[in-house]
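The structure appears right after this line, and notes come after that.
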There are 2 protein chains.
Amino acid sequence: MDLPASQFEREGPAPSIIEPLCAVFRRKIRSDGLKYTPERARVLDAIIELDRLFEADELLDTLRRGDHRVSKATVYRTIRLLQDAGIVQRVLSDRDQAQYQLVYGTKPHDLLIRLDTREAIAIDVPELVELRQRICREHGLVAQGHSFQVYALKGAIAD
Amino acid sequence: MDLPASQFEREGPAPSIIEPLCAVFRRKIRSDGLKYTPERARVLDAIIELDRLFEADELLDTLRRGDHRVSKATVYRTIRLLQDAGIVQRVLSDRDQAQYQLVYGTKPHDLLIRLDTREAIAIDVPELVELRQRICREHGLVAQGHSFQVYALKGAIAD
DNA sequence: GTCGGTGCAAATGCTTTGCATTGAT
DNA sequence: ATCAATGCAAAGCATTTGCACCGAC
């Protein structure tokens with residue numbers, strides 16, 4: 001597991017436990033007058049298979065292991081399409097490579113991250129919704145989502 | 001400087017309202033057997049003058065407006081030094097250019113980020129400290145820091 | 001006088017783009 | 001048959017690095 005991410009609440013179509021993601025993607029692609037190609041399907045498959053934060057690079061590696069190769073250019077182009085479709089989101093990061101995650105149909109995660117093991121534990125902090133509303137109101141804005149990570153250690157001194 | 005995916009409380013020397021930041025920087029630089037040059041001083045000045053999240057680019061622009069120019073290479077090299085000194089920290093971001101902020105002697109900043117303009121506003125949310133303590137206690141851990149960002153829009157529908 | 005620092009330009013490394021060919025519809 | 005998609009290689013950017021000269025100590 002790697003560094004966290006911003007999670008946004010989704011708007012738009014329902015989470016859809018029934019409809020597979022690839023179908024959602026295909027529908028969106030076609031409704032834009034574009035074509036649903038095997039390469040695009042494979043990129044999405046690789047993302048689903050990875051099932052965690054990913055970088056374009058890792059996707060490329062995963063895809064290379066398959067029978068059919070997908071070019072770097074297509075991987076980047078597909079990531080962009082998936083972002084436009086609301087299926088993938090670029091996450092906040094302090095690394096040099098962009099990081100993405102699958103977000104379609106997920107709730108926002110708040111994370112508790114162990115600095116020693118880098119383990120990330122999903123936590124539920126309902127009061128943050130109210131908190132962020134209050135903050136936004138004070139600035140004349142409307143909250144769309146949030147990201148909260150707590151960093152911790154086992155048996156440390158501070159705090 | 002790898003860990004901080006976010007905002008941590010500083011350890012080490014006191015926040016120092018008396019001692020100017022440049023003096024802190026100079027002391028650190030010299031204690032490492034390095035040299036405190038006018039260029040390095042000017043970069044730190046520019047950061048202090050900007051007084052907000054910044055990108056290397058903006059720093060360069062600010063510096064160009066002055067009489068003495070500082071090269072791009074030196075700006076990047078100095079940012080790295082300032083990170084090592086714990087004066088500047090790279091922040092989580094989903095942009096293409098890295099973003100940094102002054103952190104020396106400051107409390108962790110929580111951020112309010114406008115999704116439309118990408119503007120990041122530092123906010124103070126003191127209750128998060130207590131919140132994170134509670135969360136950590138429930139997991140038998142000790143909090144070391146946290147990261148909180150709220151994403152918002154002007155006059156949007158949701159929330 | 002010594003090293004380390006600076007500016008410049010070249011090199012990197014991630015990401016995007018132009019173009020000729022291929023393929024989904 | 002059409003028009004978008006693909007793969008490749010080249011181009012674009014942000015950032016880093018090599019090197020000759022410069023300056024803090």
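Throughout, a chain's letter reflects where its sequence line sits, starting with A, and its residues are numbered from 1. Remember, it's a predicted structure, so these values are computed and weren't measured experimentally.
Rounded to whole Å, atom C1' of C/dT16 lies 14 Å from atom CD of A/Gln83.
Put simply, A/Thr37 has a side-chain N or O that comes within less than 4.0 Å of OP1 or OP2 on D/dT6. Taking side-chain N and O atoms only, A/Tyr76 has no distance below 4.0 Å to OP1 or OP2 of C/dT16. At D/dT16, one or more side-chain N or O atoms of B/Arg80 fall inside 4.0 Å of OP1 or OP2 (strictly under the cut-off).
Comparing D/dA5, C/dG5, D/dG7 against the side chain of A/Val70 picks out D/dG7 as the nearest. Ranking D/dG7, D/dA5, D/dA24 by closeness to the B/Pro38 side chain, first place goes to D/dA24. Distances from the side chain of A/Leu34 to the nucleotides D/dC25, C/dT6, D/dA5 place D/dA5 closest.
For A/Arg77 against D/dG7, a side-chain-to-base donor-acceptor contact under 3.5 Å is present. No hydrogens or angles were tested; on distance alone, nothing pairs the side chain of B/Lys72 with the base of C/dC8 as donor and acceptor under 3.5 Å.
Residues B/Tyr36 and B/Val75 share a single hydrophobic cluster, defined by chaining ILVMFWY side chains whose heavy atoms lie under 4.5 Å apart.
Summary of the strand contacts: B/Ala73 and B/Gly33 both lie near DNA chain C, and taking for each the nucleotide with the nearest heavy atom, the more 5' one is attributed to B/Gly33. Two residues, A/Thr74 and B/Glu55, neighbour DNA chain D, and the one matched to the more 5' nucleotide by heavy-atom proximity is A/Thr74. Each of B/Asp96 and B/Arg42 was matched to the nucleotide of DNA chain C holding its nearest heavy atom; the match closer to the 5' end belongs to B/Arg42.
Between B/Asp67 and B/Arg42 there is no salt bridge, since no side-chain nitrogen of the basic residue lies less than 4.0 Å from a carboxylate oxygen of the acidic one. No salt bridge links B/Arg40 with B/Asp45; every basic N to acidic carboxylate O contact stays at or beyond 4.0 Å. Using a 4.0 Å cut-off between charged nitrogen and carboxylate oxygen, B/Arg65 and B/Glu49 do not count as a salt-bridge pair.
Counting any heavy atom pair closer than 4.0 Å across all strands shown, B/Arg30 reaches sugar-phosphate atoms only and no base atom. Backbone-only contact: B/Arg40 has heavy atoms under 4.0 Å from sugar-phosphate atoms and none from a base.
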